[in-house]
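These numbers come from a predicted model, not from an experiment. Note that the numbering runs from 1 along the sequence shown for the chain.
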Amino acid sequence: MNLRNLLVPLGAIGLIVFGFFAYGWAGVAAVAGGLVMWALLHFTRLMKVMDKAAKRPIGYVGSAVMLNARLSPGVNLMHVVAMTQSLGEQLSAQDAQPEVYRWTDGTQSHVTCEFQQGKLVKWALVRPEPEDAAPPQGA
């Protein structure tokens with residue numbers, strides 16, 4: 001069980017109780033207004049990220065190398081989608097853990113990311129070998 005699923009509602013109830021004991025019903029109204037504003041900010045951010053992602057092809061990123069450099073362990077999937085401005089191409093089965101997504105750029109380099117419970121645990125950058133490479137010159 002994710003501890004956050006329990007702590008966030010308990011924290012909100014605790015803030016409402018504190019608001020009531022500190023300022024009465026005006027405190028409850030102020031805390032409730034703050035909580036609604038917090039929820040609306042997160043909802044607005046989610047909608048902006050999804051709106052930008054809807055306008056790009058699935059699994060496309062401008063530069064896989066730059067995405068690889070910007071990733072760090074523990075970031076959530078929504079943060080990666082915000083960085084790439086694209087939904088990842090899902091490689092794992094639906095609702096299976098870990099979730100595996102891939103983003104590919106125009107040079108066919110790609111970053112494959114693995115998410116456990118929505119958090120990035122590992123990723124790998126794959127760059128194709130150049131086809132027009134000159135053979136090594138021998139003696």
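Taking the six-membered ring wherever Trp is involved, the centroid distance between the rings of Tyr60 and Trp103 does not fall below 6.0 Å.
Ala82 approaches Val49 most closely through the heavy-atom pair CB-CG2, 3.8 Å. Heavy atoms only, all atoms of each residue included: Val81 and Ala53 are closest at CG1-CB, 4.0 Å. Taking each heavy atom of Cys113 and Leu71 in turn, the nearest pair found is SG-CD1, 3.8 Å.
For CE of Met47, the number of neighbouring non-hydrogen atoms (other residues, nucleotides, ligands) closer than 6.0 Å is greater than 12. In the displayed structure, Ile58 atom CD1 is contacted under 6.0 Å by at most 12 heavy atoms of other residues, nucleotides or ligands.
Taking CG from Leu3 and CG from Leu10, the interatomic distance works out to 9.5 Å, rounded to the nearest 0.5 Å. Note: Leu46 CG to Asp51 CG = 11.0 Å, rounded to the nearest 0.5 Å. Rounding to the nearest 0.5 Å places OG1 of Thr84 at 10.5 Å from NE2 of His79.
No path of Ile, Leu, Val, Met, Phe, Trp and Tyr side chains, each step under 4.5 Å between heavy atoms, connects Val8 with Met37, placing them in separate hydrophobic clusters. Residues Tyr101 and Leu91 are members of separate hydrophobic clusters, defined by side-chain heavy-atom contacts under 4.5 angstrom among Ile, Leu, Val, Met, Phe, Trp and Tyr. Both Leu15 and Trp25 are members of a single hydrophobic cluster when ILVMFWY side chains are connected at heavy-atom separations under 4.5 Å.
Legend: residues meeting side-chain contact (heavy atoms from CB on, under 4.5 Å) with Arg70, ordered by chain and number and at least two apart, are Met83. Residues that satisfy the side chain to side chain donor-acceptor pair (under 3.5 Å) test with Thr104, not counting sequence neighbours, are absent from this structure.
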Name every donor-acceptor pair, under 3.5 Å, that has one atom in a side chain of residues 115-130 and the other anywhere in the protein, sequence neighbours excluded.
unit_1 : atom_1 : unit_2 : atom_2 : d
Trp123 : NE1    : Asn68  : OD1    : 2.8

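Ser109 and Thr107 share a side-chain donor-acceptor pair at under 3.5 Å.
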Could you go through the side chain to side chain contact (heavy atoms under 4.5 Å, CB included) check for Leu87 and Arg56 one step at a time?
CA-CA 8 Å; Leu87 297 173; Arg56 305 255 322 248; over 6 Å; no
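With hydrogens and angles disregarded, no donor-acceptor distance shorter than 3.5 Å links the side chain of Ser86 to the backbone of Val61.
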